[in-house]
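Okay, so here's the structure we're looking at.
Numbers restart at 1 for each chain; the letters A, B, ... are given by sequence-line order, proteins then strands.
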Amino acid sequence: MRLYNTLSQKIEEFTPVTPGEVKIYACGPTVYNYFHIGNSRVFTLFDTFRSYLRYRGYKVTFVQNITDIDDKIINKAKDEGVLWSDIAKQYTDAYIEDIKKMNIELPDVSPKATEEIPGMLALIKKLVDEGTAYVSKNGVYFEVEKFPAYGELSHQNLEELQEGARVDVDDEKKSGLDFALWKFTKPGEPSWESPWGAGRPGWHIECSAMSSRYLSNTFDIHGGGADLVFPHHENERAQSEAANHERFVNYWMHVGYMNIDGEKMSKSKGNFVFVRDIIKDYSAEVIRMFILSAHYRGPIDFSRENVEAVKKGYTEISYTLQRLAQLDGAAPDKKSPYIKSFIDALDEDFNTAKALGIVYEAVNDAKNLILGKKIDKYEGDIKANLKMLESDIKEMAQVLKISPKFEAPEAKAKELVKEIEKMRVEKNYEKADTLKKEVNSLGYLLEFTKTGAFIIKELK
RNA sequence: GGCGGCGUAGCCAAGCGGUAAGGCACGGGUCUGCAAAACCCUUAUGCAUCGGUUCAAUUCCGAUCGCCGCCUCCA
């Protein structure tokens with residue numbers, strides 16, 4: 001398998017630290033609001049990636065933090081006149097609800113910042129003791145000058161960063177680029193004790209502490225949205241490597257933005273759609289398929305029209321699987337060449353768009369074989385080939401977690417169809433049409449083909 | 001100003017040195033008693049523009065134009 005690494009800006013062969021195991025850390029939500037479809041791109045992408053890694057035989061450990069203490073949470077609490085911890089609790093619960101609605105598996109570990117303070121303090125202490133961090137009036141700061149590799153991940157050099165810096169210069173800091181590891185308490189704000197004074201953690205330190213604790217100092221893959229490359233991941237890397245004197249992360253995976261009308265969807269622009277709203281109109285599978293329809297590193301433009309188009313494709317897959325399920329026979333002990341193409345596509349920097357194209361091709365073959373068309377690459381018994389395709393399509397859909405859910409047609413529908421077939425033989429078309437309408441009203445589409453009648457549960 | 005990305009048919013989207021996957025839409029047709037979100041065909045001598053390298057470029061290099069993003073909280 002090969003993956004693009006933000007650090008090297010190249011696609012590299014993926015080699016895990018421990019053979020057969022993959023340790024992944026992805027930055028999770030700051031719980032001050034519901035998450036939107038753009039945020040869910042990262043969650044969905046890593047969830048699908050996790051599924052694929054398992055399919056490829058890896059044991060996966062996936063850690064994703066929950067930032068439950070932060071300026072935005074404090075501000076929201078002030079605005080609403082409630083406790084900051086109530087805000088954190090409310091939106092943590094909402095996050096878990098929404099994740100479940102999206103059929104995203106919860107991480108193996110979901111550490112909360114407020115429960116990991118000791119680990120963060122230990123890390124900060126190391127940095128202070130070694131002189132990489134210093135204590136100022138407002139908090140404890142990481143001194144960027146002391147970490148020569150600073151800027152490598154985001155491909156910036158210090159001078160340019162300093163020139164471009166739009167940050168207000170804080171006289172208490174040695175450099176505008178230095179960032180807070182620990183912020184001393186301001187009146188009315190939550191705080192924890194520390195050797196340097198009461199305060200709360202800076203934003204970046206939690207990920208460094210948690211990834212070390214739950215994965216290891218050096219782990220395989222660190223991911224998140226492309227907007228985290230700088231400063232968040234750059235800072236994490238600086239802290240961790242300065243403290244541990246070990247390589248922090250082997251592969252950095254960054255997911256592109258979801259746009260609306262060509263512009264990044266973001267909470268500050270207000271051009272977002274909450275997952276809890278869109279999920280009312282589209283199934284988790286359709287939304288996931290929409291997200292997977294573009295390569296993860298590029299942008300994807302959200303619009304109802306684009307999701308609608310994907311939904312039609314999804315419906316086609318569902319209908320074909322329903323048709324296949326109604327054929328008797330067992331899958332033979334072999335696979336179509338599509339499985340290999342599918343793996344090849346995903347092995348090359350997780351190209352889900354290409355993989356989806358392969359699913360469609362398999363679906364198309366199945367449709368044609370059902371009609372009794374000859375396709376050169378399929379030899380032998382048609383039903384066996386169809387059952388093979390059914391098994392393969394299901395396999396691919398399961399890996400991508402876009403499996404259509406459907407049940408066998410209900411008994412009443414089957415009876416009616418038998419009756420319709422009888423009427424057709426008797427050329428009693430009037431009666432047949434009446435019965436057809438009855439089946440339609442049960443929510444089924446009917447197809448009469450040479451291979452037989454198919455009863456398909458209609459997707460709305 | 002620095003850094004990064006993008007520009008492929010009406011729309012979405014792969015491909016990234018060897019002659020344009022796939023999806024949606026449109027149009028034409030076929031099967032069918034009638035149907036079918038059933039099937040077939042059609043749709044880019046062309047991949048923003050202009051140059052260059054090469055036997056060969058959408059793919060590499062350079063320039064130009066346009067769009068977007070990061071450099072400030074952001075997935």
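- Atom CD in A:Glu447 sits about 20 Å away from atom P in B:U30, given to the nearest Å.
- Residue A:Lys367 has no polar side-chain atom (N or O) positioned under 4.0 Å from OP1 or OP2 of B:A36.
- If you run salt bridge (charged side-chain N to carboxylate O under 4.0 Å, His left out) between A:Arg2 and each of A:Glu13, A:Glu12, A:Glu348, only A:Glu348 comes through.
- Residue A:Asp227 places its side chain closer to B:A75 than to any other of B:U32, B:A75, B:C11.
- More than 12 heavy atoms of other residues, nucleotides or ligands sit less than 6.0 Å from atom CD of A:Glu426.
- Side chain of A:Thr449, nearest nucleotide from B:C71, B:A36, B:A75: B:A36.
- The gap from the P atom of B:G5 to that of B:C39 amounts to 41 Å, rounded to the nearest Å.
- Atom pair A:Lys422:NZ and B:G33:C1' shows a separation of 19 Å (rounding to whole Å applied).
- In this structure, A:Lys312 does not reach the B:C24 phosphate: none of its side-chain N or O atoms is under 4.0 Å from OP1 or OP2.
- The nucleotide B:G69 finds its pairing partner in B:C3, both defining distances of the Watson-Crick or G-U wobble pair being shorter than 3.5 Å.
- The C1' atoms of B:A25 and B:G10 are separated by 7 Å, rounded to the nearest whole Å.
- With P as the reference atom, B:G17 and B:C60 are 7 Å apart, rounded to whole Å.
- Taking the six-membered ring for Trp and thresholds of 30 and 60 degrees, A:Phe272 and A:His36 have nearly parallel ring planes, at less than 30 degrees apart.
- In this structure, A:Arg424 fails the cation-pi test against A:Tyr429, since its NZ or CZ atom is not both closer than 6.0 Å to the six-membered ring centre and inside 45 degrees of the ring normal.
- Both the sub-6.0 Å distance and the 45° axial angle are satisfied by A:Lys457 relative to the ring of A:Tyr444.
- An OP1 or OP2 oxygen of B:C40 is reached within less than 4.0 angstrom by a side-chain nitrogen or oxygen of A:Asn364.
- Taking atom P on both B:C47 and B:A57, the two are 12 Å apart, rounded to the nearest angstrom.
- When A:Gln398, A:Glu395, A:Arg50 are each tested for a side chain to side chain donor-acceptor pair (under 3.5 Å) with A:Tyr55, only one passes: A:Glu395.
- To the nearest whole angstrom, the two C1' atoms, one in B:U8 and one in B:A13, are 9 Å apart.
- Across B:U30 and B:C24, the matching P atoms stand 22 Å from one another, rounded to whole Å.
- Residue A:Leu371 places its side chain closer to B:A38 than to any other of B:A38, B:A37, B:A13.
- Atoms CD1 (A:Ile300) and P (B:G69) sit 17 Å apart, rounded to a whole Å.
- Atom CZ in A:Phe35 sits about 23 Å away from atom P in B:C73, given to the nearest Å.
- At least one side-chain nitrogen or oxygen of A:Asn351 sits closer than 4.0 Å to the OP1 or OP2 atom of B:G15.
- Only the C1' atoms considered, B:U53 is 7 Å distant from B:C61, to the nearest whole Å.
- Distances from the side chain of A:Glu316 to the nucleotides B:A75, B:C24, B:G4 place B:C24 closest.
- Both tests hold for A:Lys267 against A:Tyr32: distance to the six-membered ring centre under 6.0 Å, angle to the ring axis within 45°.
- Closest to the side chain of A:Thr30, from the set B:A75, B:C34, B:A38, is B:A75.
- Distance from the side chain of A:Lys267 is smallest for B:A75 among the nucleotides B:A14, B:A75, B:C68.
- Following rounding to the nearest Å, A:Leu228 (CG) and B:C3 (P) show an atom-to-atom distance of 22 Å.
- If you take atom P in B:A9 and the same atom in B:U45, they sit 10 Å apart, rounded to whole Å.
- Taking only side-chain atoms of A:Thr315, from C-beta outward, the nucleotide of B:G33, B:G22, B:A37 with the closest atom is B:A37.
- Between the side chain of A:Asp433 and the base of B:G33, at least one donor-acceptor pair of N or O atoms lies under 3.5 Å.
- Nearer to the 5' terminus of RNA chain B, by closest-nucleotide assignment, is the contact made by A:Leu445 (compared with the other of A:Met265 and A:Leu445).
- At the phosphate of B:A36, neither OP1 nor OP2 sits under 4.0 Å from any side-chain N or O atom of A:Lys436.
- Side-chain atoms of A:Lys354 lie closest to B:G15 of the nucleotides B:C73, B:G15, B:A37.
- One atom, OH of A:Tyr314, and another, P of B:C24, lie 15 Å apart when rounded to the nearest Å.
- The partner of B:A38 is B:U30, judged by Watson-Crick or G-U wobble contacts that both fall below 3.5 Å.
- No N or O donor and acceptor, one from the side chain of A:Lys373 and one from the base of B:C39, sit under 3.5 Å apart.
- When both pairing distances are held under 3.5 Å, B:A48 makes a Watson-Crick or G-U pair with B:U64.
- At most 12 non-hydrogen atoms from other residues, nucleotides or ligands lie less than 6.0 angstrom from CG of A:Asp261.
- A stacking contact links A:Tyr429 to B:G33: the aromatic ring centre lies within less than 5.5 Å of the base's six-membered ring centre, and the planes differ by less than 30°.
- Of the candidate nucleotides B:A75, B:C73, B:A36, B:C73 has the atom nearest to the side chain of A:Ser268.
- Here the nucleotide nearest the side chain of A:Ala432, chosen from B:G33, B:A75, B:A38, is B:G33.
- Side-chain nitrogen and oxygen atoms of A:Asn368 include at least one within less than 4.0 Å of the OP1 or OP2 phosphate oxygen of B:C40.
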